[in-house]
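First up is the structure itself, then whatever we jot down about it.
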Protein chains: 2
Amino acid sequence: MISGLLPGPGTGTKPARGVPQATVARLPVYHEALGRLFAGHVEVVSSTALAEAAGVSPSQLRKDLSCLGTYGTRGVGYDVARLQRQIATHIGAASEWPVVIVGVGHLGTALANYAGFAARGFTLVALVDPAPARIGTSIQGITVSALTDLEEVVRNTGAVIAVVATPADAAQEVTDRLVHQGVTSILNFASTPLVVPEGVNVRKVDLGQELAILAFHEQRKVEEVS
Amino acid sequence: MISGLLPGPGTGTKPARGVPQATVARLPVYHEALGRLFAGHVEVVSSTALAEAAGVSPSQLRKDLSCLGTYGTRGVGYDVARLQRQIATHIGAASEWPVVIVGVGHLGTALANYAGFAARGFTLVALVDPAPARIGTSIQGITVSALTDLEEVVRNTGAVIAVVATPADAAQEVTDRLVHQGVTSILNFASTPLVVPEGVNVRKVDLGQELAILAFHEQRKVEEVS
DNA sequence: TAGTGTGAATGCCTTCACAGCT
DNA sequence: AGCTGTGAAGGCATTCACACTA
């Protein structure tokens, strides 16, 4: 995937202690792939095999891993369990991160029910929505709070990571309020870019955009014929 | 935001007729931003203003647009409606693309209900799932078909774009079957990389990975204190 | 021998700066 | 005067090739 790469201003993404952005984006992939290998009782893996499991080239994998230090054994490969632990500590998967979801529509509900959530060190601690019909209902044991209580909820849970799954026109206001309460990482599912102060990280996931990119390639395939 | 960018092998992404990958990934963003401006009755926009609305730098916007040809007026700016049409034809948003969703769990359901779907030229034509409890139920007027009928469904609808929203362990098999029926673009929500033949485009969207990347940055912020 | 770790080279993307229209 | 379009420069990221090690 090309999960594109839109730096954009004000996302507060600095040097990152020598680890390139592109590498950071792949570390979770390696972590996941190692988990699958571990589940398959693989104890040692070569860069070639792990690269294939992660869907990247072997040289890229080795270069990425070299940013974290040297955890492989020449002539042998990498100890699966050990490497996974190392990556986990680097990407923070070893800690528990409380997460707040704002917007409990279809998408927000799906995210709240997302199983891989807890598995990766994230704990859903709060759901927030403006609709009276939703306030008070529960998903995964979490009761939906009123949007007006957003500030209180964030303060009480101490969450620094939030998911914005609201309609586009509410996203910026919600973001401002989240940031004001100390949230410094936001996963944005609204189809509008968010403006945030320096030091706050935003990642955007836009279904429509992803489909549009695929459509572009399809379009090209059609045009090629003519 | 930093939407990642993992090319990976076997995604069949070639030169793309002179339009760089990174630009392709941003065109939908511009298209969307122009839509918002148009809705706000803006008729002409400068590169600076449009860039801000899209969350990119002005020079990058101009360079991107120059790939499509020259549609601006020097000293004035871009005609919003005209530019949007031009981008639409380039990215294929002017055509109607039938889309099949495989896997109707929480996520698949949310995707099926996604409003921006039709708005961007995509038509949901089929839903496929293996669970007997779901087969026969309807979402957005589309009845869920059995997974065993996958081939028939794809053939009947003529879809070339598919969304894979299955658990990770089913994703590759489903993909193989989709590709075998002529699907050439896949949006993958499963947390495993898909192997596809040359000429098939895959984009991966992984919630867990996105969160992990945010966690990495949070981790860094914590470490910086020490 | 098999496979990691890494400088060097290549290619892609972004930013800069300014020429050229309107 | 204002703003687009674009060559040129600079910065990242990926790939290559090989020294090095178990």
Side-chain angles (χ1 to χ4, degrees), chain A residues 1-9 11 13-27 29-30 42-80 82-83 86-87, chain B residues 1-11 13-27 29-30 42-52 54-80 82-83 86-87:
Chain A
M1 144 229 57
I2 311 179
S3 342
L5 183 103
L6 318 179
T11 54
T13 312
K14 285 144 293 178
R17 198 202 298 281
V19 184
Q21 289 297 320
T23 297
V24 171
R26 281 187 298 264
L27 288 178
V29 184
Y30 302 152
V42 178
E43 292 187 3
V44 175
V45 68
S46 70
S47 63
T48 312
L50 179 52
E52 186 172 1
V56 302
S57 72
S59 53
Q60 183 158 76
L61 172 72
R62 289 202 302 275
K63 176 130 290 197
D64 284 343
L65 293 184
S66 75
C67 294
L68 313 186
T70 155
Y71 300 122
T73 309
R74 300 191 184 208
V76 180
Y78 302 90
D79 179 304
V80 173
R82 176 149 175 268
L83 182 57
Q86 294 295 350
I87 294 180
Chain B
M1 82 225 93
I2 311 170
S3 0
L5 181 98
L6 317 179
T11 56
T13 314
K14 285 145 291 178
R17 197 203 300 281
V19 184
Q21 289 296 320
T23 298
V24 172
R26 280 186 298 263
L27 289 179
V29 185
Y30 302 151
V42 178
E43 293 187 2
V44 175
V45 68
S46 70
S47 64
T48 312
L50 179 54
E52 186 172 2
V56 302
S57 71
S59 53
Q60 182 159 76
L61 172 72
R62 291 203 301 276
K63 175 128 290 196
D64 284 342
L65 294 184
S66 75
C67 294
L68 312 187
T70 155
Y71 300 122
T73 309
R74 299 188 184 212
V76 180
Y78 301 91
D79 179 305
V80 172
R82 177 150 173 269
L83 182 57
Q86 294 295 351
I87 293 180

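Every value quoted in this text rests on a predicted model; they were computed, and no experiment measured them.
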Measure the spacing between [atom1] of [X] and [atom2] of [Y] and express it to the nearest 0.5 Å.
X       : Y       : atom1 : atom2 : value
B:Ser57 : B:Arg62 : OG    : CZ    : 8.5 Å
A:Ser47 : A:Gln60 : OG    : CD    : 12.0 Å
B:Leu65 : B:Ile87 : CG    : CD1   : 5.5 Å
A:Thr23 : A:Asp64 : OG1   : CG    : 3.5 Å

[N] [atom2] sits how many Å from [X] [atom1], rounded?
X       : N      : atom1 : atom2 : value
B:Gln21 : C:dT14 : CD    : P     : 11 Å
A:Leu83 : C:dG3  : CG    : P     : 16 Å
B:Leu61 : D:dT6  : CG    : P     : 14 Å
A:Arg26 : D:dC12 : CZ    : P     : 16 Å
A:Lys63 : D:dC12 : NZ    : P     : 15 Å
B:Tyr30 : D:dT4  : OH    : P     : 13 Å
A:Gln60 : C:dT4  : CD    : C1'   : 16 Å

Look at the side-chain N and O atoms of [X] and state whether any lies under 4.0 Å from the OP1 or OP2 oxygen of [N].
X       : N      : result
A:Arg62 : D:dC20 : no
A:Thr70 : C:dG5  : yes
A:Ser47 : C:dT4  : yes
A:Ser46 : C:dG3  : no
A:Tyr78 : C:dA2  : no
B:Arg74 : C:dC18 : no
A:Ser59 : D:dC16 : no

Contact nearer the 5' end of DNA chain D, comparing B:Tyr71 with A:Thr23: B:Tyr71
Closest-nucleotide 5' rank along DNA chain D - winner of A:Asp64 and B:Gly69: B:Gly69
Stepwise side chain to side chain contact (heavy atoms under 4.5 Å, CB included) test for A:Tyr71 and A:Asp79: CA-CA 8 Å; A:Tyr71 300 122; A:Asp79 179 304; over 6 Å; no
